[in-house]
Peer 1: 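What follows is a structure written as structure tokens; I'll ask about it next.
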Amino acid sequence: MLNAKYQEKYLKLKNKFLKLQFSKLNPMQQKAVFNSEGSCLVLAGAGSGKTTVIINKIAFLIKYGDAYYNEEIPNYITEQDVDLIEEYINNPDEDLVEKISELIKYNPVSPYNIIAITFTNKAAEELKNRLYNFIGEKGNDVIASTFHSACVKILRRYIDRLGYERSFAIYDTEDSKSVMKDIIKSAEIDSQLFTPKIVLSEISKWKNQLLSHKDVEGKYEDIRLKTISELYTIYQERLKKANAVDFDDIIMLTVRLFEENDDVREFYQNKFKYVLVDEYQDTNYAQYMLCKFFADKYKNICVVGDDDQSIYKFRGATIENILNFEKNYKDTQVIRLEQNYRSTKNILSAANNVIDNNRMRKGKTLWTENELGEKITVFESLDQTEEAMYLSQVIQNMVSSGERNYKDFAVLYRTNAQSASVETAFVKSGIPYRLIGAHKFYDRKEIKDMLAYLSVINNPHDDVRLKRIINEPKRSIGKATIDLVEILANSLECSMYQVISECEEYEILQKVKTKLIDFRDMIERFSEYNRGMSLSSLFTSVYSETGYEKMLITDKDPSAKERIENIGQLHSNIVEYESSAQTPSLSEYLEEVSLFTDIDNFDAGENAVVGMTIHGAKGLEFPVVFVIGMEENLFPSSMSVLSETELEEERRLAYVAYTRAKSQLYLTRASQRLMFGKTSVNPVSRFVTEIPSDLKHECRSKRLSTSSSFGNFEIDSKINEQATKSSLSSQTTTNKTDYKVGERVSHATFGEGMIISMTPMGNDILMEIAFPVGTKKVMANFAKLKKI
DNA sequence: GCAAGCCCAGATAGT
DNA sequence: CTGGGCTTGC
């Protein structure tokens with residue numbers, strides 16, 4: 001035992017030592033890291049090092065337990081030990097660190113008892129990698145995954161308690177839609193009013209609030225919601241019969257599993273001694289309850305989030321979760337991280353100014369010690385083609401001058417559709433690029449088909465996938481037969497596969513029974529293969545024995561070759577999965593595929609410009625960021641301008657977009673844009689206007705004539721020269737009249753508009769003008785136009 | 001049962 | 001403009 005004086009000295013020195021070990025962190029970050037026991041809410045602004053905090057915190061828990069705040073002194077500490085620590089502090093010697101760490105650690109947490117929830121699989125993987133670099137092997141044993149992956153793992157073990165089989169399938173949005181489409185069809189209701197999309201989105205909202213079909217059925221007077229609640233019941237029954245769950249079920253069912261099964265709940269509550277959640281602002285109520293269950297025994301929970309970056313309200317995320325957190329966990333330590341380490345002062349100031357227009361926020365202002373940096377470049381182009389050419393020019397200029405690499409650039413957009421013009425321009429300019437979309441590869445027909453075969457082998461009750469492949473390639477099982485089987489299955493309350501298996505017993509199936517039996521035997525044979533062979537051999541057999549391979553080889557369509565290549569790619573993916581997984585299995589593979597997103601594929605090391613939606617860019621950073629399509633009705637989306645809350649969500653999205661940039665930010669817009677094959681003209685986005693003008697450098701394409709109202713814009717001559725050169729061919733002819741393409745004019749009945757095209761016709765000119773009411777064609781001599 | 005061809009709706013974001 | 005869904009004719 002130490003004497004009183006040494007005890008005091010030890011406590012002081014111990015914490016000094018710990019601070020030295022984490023000296024790269026600022027005091028607030030350290031506070032978050034050292035606070036081991038109890039609950040902790042970290043409100044962390046963009047670029048304030050919140051992932052760093054999570055990683056350091058996990059490392060701290062594993063290495064030092066609650067050594068910082070715990071004032072108990074281990075019996076074995078001697079005076080010499082205290083002196084050793086003092087010696088280290090006066091003269092840090094790396095060799096002593098391990099020894100002292102061993103001495104002062106207190107209740108270190110086993111990595112198996114820590115669960116870290118991240119937003120994407122990619123983020124989970126990165127967290128593990130960084131942890132490995134930090135603390136070695138032990139880092140690999142921490143559970144790091146998304147909500148969905150974590151819950152699927154739990155459900156694989158225990159879902160039988162809820163009446164599902166453990167081989168359950170996971171339905172993606174498209175699968176769910178297909179189920180709902182059938183239901184709506186047979187329910188004979190107004191299919192205009194009740195589209196699968198609308199119905200499913202309502203159901204999703206309920207599920208995110210943990211409302212089962214039993215909870216909502218009969219609860220609504222409103223005919224619309226009443227109908228949807230009835231559809232919900234049928235939908236849920238269909239899924240169960242198919243032994244399938246949708247994305248929302250994954251969370252909801254896990255919560256129900258915990259509610260109804262004390263042993264399961266206790267098992268996980270004992271396991272999860274420490275729970276950490278990243279991107280907490282984007283969790284929904286169901287996820288909140290899940291966290292509550294996870295952490296309910298030890299109440300050691302740390303959540304990290306930023307209310308200004310909440311961009312998934314449309315998916316049920318609720319800021320209430322942050323407010324409830326402080327209520328639910330008494331004595332929560334709230335830590336705010338407001339120092340930004342990522343962006344220049346100009347970029348940060350622009351982002352702060354924009355987000356300041358939101359009324360519903362907790363309120364914080366990020367600051368940075370980084371340099372002032374360049375002004376934000378705001379560029380207006382003629383159309384989306386020129387907008388994309390502009391990006392290419394800027395990128396090529398900076399790359400050829402040696403200033404930047406391709407991988408330093410990101411192009412962010414509000415909607416996926418905007419990527420098309422970017423892609424075209426990059427191909428033309430020879431810029432290496434990678435576009436990150438929702439699923440892309442796994443969305444291709446041939447891939448979905450092959451995966452559908454594997455799904456049916458894994459779970460023959462999966463009606464949706466079964467219907468997909470039962471006649472692909474053609475084996476003379478047509479629509480009439482499929483419908484018949486489905487009707488039988490529905491009335492018998494069993495799966496379609498079951499009807500097919502017993503088809504001999506049904507009078508009406510006699511004519512087609514040989515085909516059905518052939519199909520059944522094929523699936524049975526594959527199931528047999530699955531028990532005896534590797535996944536990749538199974539895949540090869542399925543590909544050839546179903547006749548799919550033959551179908552593609554004999555297909556004369558030029559796209560067939562590409563589809564064969566895609567199958568090859570899928571095969572390599574499977575081989576890769578087999579070699580990396582500890583216990584590869586068909587069901588685990590299918591599970592990984594269904595929870596996989598394209599962003600998981602993003603490789604920051606690859607030297608290519610990356611294009612993705614702003615939602616996809618959450619959590620990432622790039623030296624140079626282009627946000628394109630800065631136009632009203634596009635960003636903010638026309639769907640959101642009517643509602644204050646949705647508009648604020650759009651503004652947060654702008655905030656997220658701007659704060660991705662480390663040193664340069666470009667905001668571009670097109671004065672006219674082709675959408676749906678129609679030209680539309682939108683004013684500049686308010687998210688550009690809200691940036692103070694002293695932070696911006698505005699320029700526009702020379703092809704847009706400089707009328708008086710735009711006289712104060714500077715023109716970036718280098719860019720304009722090249723942009724003009726590269727697209728001269730598409731320039732519309734102008735002639736002796738005063739009007740020019742791109743000019744704004746006013747019309748007696750249509751109001752103010754912009755000239756989109758001019759075509760000479762005899763002595764007159766046919767002009768296409770975009771007015772607020774839509775695009776109109778007028779003859780110059782007849783329309784009473786005025787220049788403005 | 002199947003392929004070709006026509007028609008019309010459609011694109012906010014994504015686990 | 002595109003592509004999914006439905007009709008039509010074989």
Side-chain angles (χ1 to χ4, degrees), chain A residues 117-124 145-152 170-174 176-178 181 185 191-192 195-197 200-201 204 207-208 245-252 279 282-284 286-287 310-317 412-421 436-440 442-443 445 470-483 511-512 515 555 557 591-600 612-618 629 633-641 643 646-647 649-650 652-654 656-657 673-680:
Chain A
I117 308 276
T118 56
F119 201 68
T120 61
N121 297 309
K122 173 98 188 158
S145 74
T146 63
F147 276 110
H148 288 85
S149 313
C151 288
V152 168
I170 300 167
Y171 276 6
D172 63 21
T173 316
E174 204 189 307
S176 299
K177 266 189 194 157
S178 148
K181 216 168 82 191
K185 214 178 186 178
S191 60
Q192 292 279 42
T195 64
K197 210 178 143 184
L200 285 170
S201 113
S204 175
K207 286 188 176 177
N208 288 332
V245 301
D246 66 18
F247 286 132
D248 301 317
D249 282 337
I250 292 174
I251 311 293
M252 187 173 78
E279 309 282 9
D282 285 324
T283 55
N284 58 39
Q287 290 164 335
S310 153
I311 54 174
Y312 280 96
K313 222 167 224 159
F314 75 94
R315 218 167 68 187
L412 308 183
Y413 30 82
R414 179 67 180 82
T415 69
N416 273 308
Q418 289 167 261
S419 66
S421 57
I436 310 288
H439 252 110
K440 261 189 146 189
Y442 291 100
D443 277 347
K445 184 191 177 324
I470 191 166
N471 201 31
E472 189 73 36
K474 300 282 170 279
R475 43 178 80 91
S476 300
I477 304 175
K479 192 173 178 305
T481 308
I482 297 169
D483 283 353
K511 259 192 247 167
V512 286
K515 311 274 190 217
D555 192 339
D557 196 285
E591 168 190 321
E592 275 197 17
V593 167
S594 49
L595 296 179
F596 179 86
T597 59
D598 218 25
I599 192 79
D600 298 328
M612 61 178 95
T613 64
I614 303 168
H615 283 91
K618 187 165 98 154
N633 298 322
L634 183 60
F635 188 27
S637 156
S638 57
M639 316 282 283
S640 65
V641 286
S643 133
E646 283 182 51
L647 226 145
E649 175 137 328
E650 294 282 307
R652 288 194 292 272
L653 202 50
V656 169
R673 180 178 295 276
L674 210 60
M675 282 167 108
F676 281 116
K678 269 200 267 171
T679 304
S680 56

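Just so it is clear: chains get the letters A, B, ... in the order the sequence lines come, proteins before strands, and each one is counted from 1.
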Peer 1: From B:dA13, B:dG1, B:dT15, pick the nucleotide closest to the side chain of A:Arg315?
Peer 2: B:dT15
Peer 1: Who are the side-chain contact (heavy atoms from CB on, under 4.5 Å) partners of A:Phe119, not counting sequence neighbours?
Peer 2: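 Only A:Glu279, A:Asp282, A:Tyr312, A:Arg315, A:Lys618 meet the side-chain contact (heavy atoms from CB on, under 4.5 Å) criterion with A:Phe119.
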Peer 1: Is it the case that over 12 heavy atoms from other parts of the model lie below 6.0 angstrom from the NZ atom of A:Lys185?
Peer 2: no
Peer 1: Under 4.0 Å between any heavy atoms, over every strand shown, what does A:Gln418 touch: base, sugar-phosphate, or nothing? Just pick one.
Peer 2: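 It contacts nothing in the nucleic acid.
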Peer 1: Using whole Å, what does the distance between atom C1' of nucleotide B:dT15 and atom CD1 of A:Ile251 come to?
Peer 2: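 Spelled out: CD1 on A:Ile251 to C1' on B:dT15 is 8 Å.
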Peer 1: State the CD1-CD1 distance between A:Ile470 and A:Ile477, to the nearest 0.5 angstrom.
Peer 2: 4.5 Å
Peer 1: Identify, between A:Val512 and A:Ser640, the residue whose nearest nucleotide on DNA chain B lies closer to the 5' end.
Peer 2: A:Val512
Peer 1: Apply salt bridge (charged side-chain N to carboxylate O under 4.0 Å, His left out) to the pair A:Arg652 and A:Glu650, showing each step before the final yes or no.
Peer 2: CA-CA 5 Å; A:Arg652 288 194 292 272; A:Glu650 294 282 307; over 6 Å; no
Peer 1: When all nucleic acid strands are considered with a 4.0 Å heavy-atom cut-off, which category describes A:Glu649: base, sugar-phosphate, or nothing?
Peer 2: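 Since no nucleic acid heavy atom lies under 4.0 Å of A:Glu649, the category is nothing.
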Peer 1: B:dG14, B:dC2, B:dA11: which one has an atom nearest the side-chain heavy atoms of A:Lys474?
Peer 2: B:dC2
Peer 1: Nearest whole Å is fine: how far is B:dA13 P from A:Arg652 CZ?
Peer 2: 18 Å
Peer 1: Whole Å only: how far is the CD atom of A:Glu174 from the P atom of B:dG14?
Peer 2: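 Nearest whole value for this atom pair: 16 Å.
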Peer 1: For A:Asp600 and A:Thr597, test the side chains for any donor-to-acceptor distance below 3.5 angstrom and give the result as yes or no.
Peer 2: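 Yes, side-chain donor-acceptor contact under 3.5 Å.
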Peer 1: Please list each protein N or O that sits under 3.5 Å from an N or O in nucleotides 5-10 of chain C, with the distance.
Peer 2:
unit_1, atom_1, unit_2, atom_2, d
C:dG5, OP1, A:Lys181, NZ, 2.6

Peer 1: Output all residues satisfying side chain to side chain donor-acceptor pair (under 3.5 Å) with A:Thr173, sequence neighbours left out; order by chain, then residue number.
Peer 2: none
Peer 1: Base, sugar-phosphate, or nothing for A:Phe635, non-hydrogen atoms under 4.0 angstrom?
Peer 2: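 Here A:Phe635 touches no strand at all.
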Peer 1: Do A:Asp172 and A:Tyr442 have side chains that approach each other closer than 4.5 Å (heavy atoms only, starting at C-beta)?
Peer 2: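 They are not in contact (no side-chain heavy atoms under 4.5 Å apart), so the answer is no.
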Peer 1: Walk me through whether A:Ile250 and A:Leu595 qualify under side chain to side chain contact (heavy atoms under 4.5 Å, CB included).
Peer 2: CA-CA 11 Å; A:Ile250 292 174; A:Leu595 296 179; 4.2 Å; yes
Peer 1: Nearest-Å distance, CZ (A:Phe314) to P (B:dG14)?
Peer 2: 7 Å
Peer 1: Could you tell me the separation between the CD atom of A:Glu646 and the P atom of B:dA13, rounded to a whole number of Å?
Peer 2: 14 Å
Peer 1: Which nucleotide, B:dA3, B:dG14, B:dT15, lies nearest any side-chain atom of A:Thr146?
Peer 2: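 Comparing B:dA3, B:dG14, B:dT15 against the side chain of A:Thr146, the answer is B:dT15.
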Peer 1: Can you measure A:Phe247 atom CZ to B:dA13 atom P for me and round it to whole angstrom units?
Peer 2: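 Interatomic distance, CZ of A:Phe247 to P of B:dA13: 16 Å.
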Peer 1: Hey, does the side chain of A:Asn416 come within less than 4.0 Å of B:dA11's phosphate (OP1/OP2), counting only N and O?
Peer 2: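 For B:dA11, OP1/OP2 do not have a side-chain N/O of A:Asn416 under 4.0 Å.
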Peer 1: What pairs with A:Thr146 under side chain to side chain donor-acceptor pair (under 3.5 Å), at least two apart in sequence or on another chain?
Peer 2: A:Ser149
Peer 1: Who pairs with A:Asp249 by side-chain contact (heavy atoms from CB on, under 4.5 Å), at least two apart in sequence or on another chain?
Peer 2: A:Lys207, A:Gln236, A:Leu239, A:Val245, A:Asp246, A:Met252, A:Leu253
Peer 1: Is there a side-chain contact between A:Lys177 and A:Lys197, using heavy atoms and a 4.5 Å cut-off?
Peer 2: yes
Peer 1: Round to the nearest Å and state the distance from A:Asn284 atom CG to B:dG14 atom P.
Peer 2: 17 Å
Peer 1: Using nucleotides 5-10 of chain B, report all nitrogen or oxygen pairs with the protein that are shorter than 3.5 Å.
Peer 2:
none

Peer 1: Quick one: is B:dA13 close enough that its OP1 or OP2 comes under 4.0 Å of any side-chain N or O from A:Ser637?
Peer 2: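 A:Ser637 to B:dA13 OP1/OP2: no side-chain N or O under 4.0 Å.
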Peer 1: Kindly point out which of B:dT15, B:dG14, B:dG1 is positioned nearest to the side chain of A:Thr597?
Peer 2: B:dT15
Peer 1: Determine: side-chain N/O of A:Asn471 to OP1/OP2 of B:dC2, distance under 4.0 Å, yes or no.
Peer 2: yes
Peer 1: Please give, in whole Å, the distance from B:dG1 C1' to A:Ile482 CD1?
Peer 2: 11 Å
Peer 1: Does A:Thr481 reach a base, just sugar-phosphate, or nothing at all? Heavy atoms under 4.0 Å.
Peer 2: sugar-phosphate
Peer 1: Nearest heavy atom decides the nucleotide; on that basis, is A:Thr120 or A:Met639 closer to the 5' end of DNA chain B?
Peer 2: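 Mapping each residue to its closest nucleotide by heavy atoms, the 5'-most match is A:Met639.
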Peer 1: Taking the same atom, C1', in C:dG4 and in B:dA13, what whole-Å distance lies between them?
Peer 2: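 To the nearest whole Å, 22 Å.
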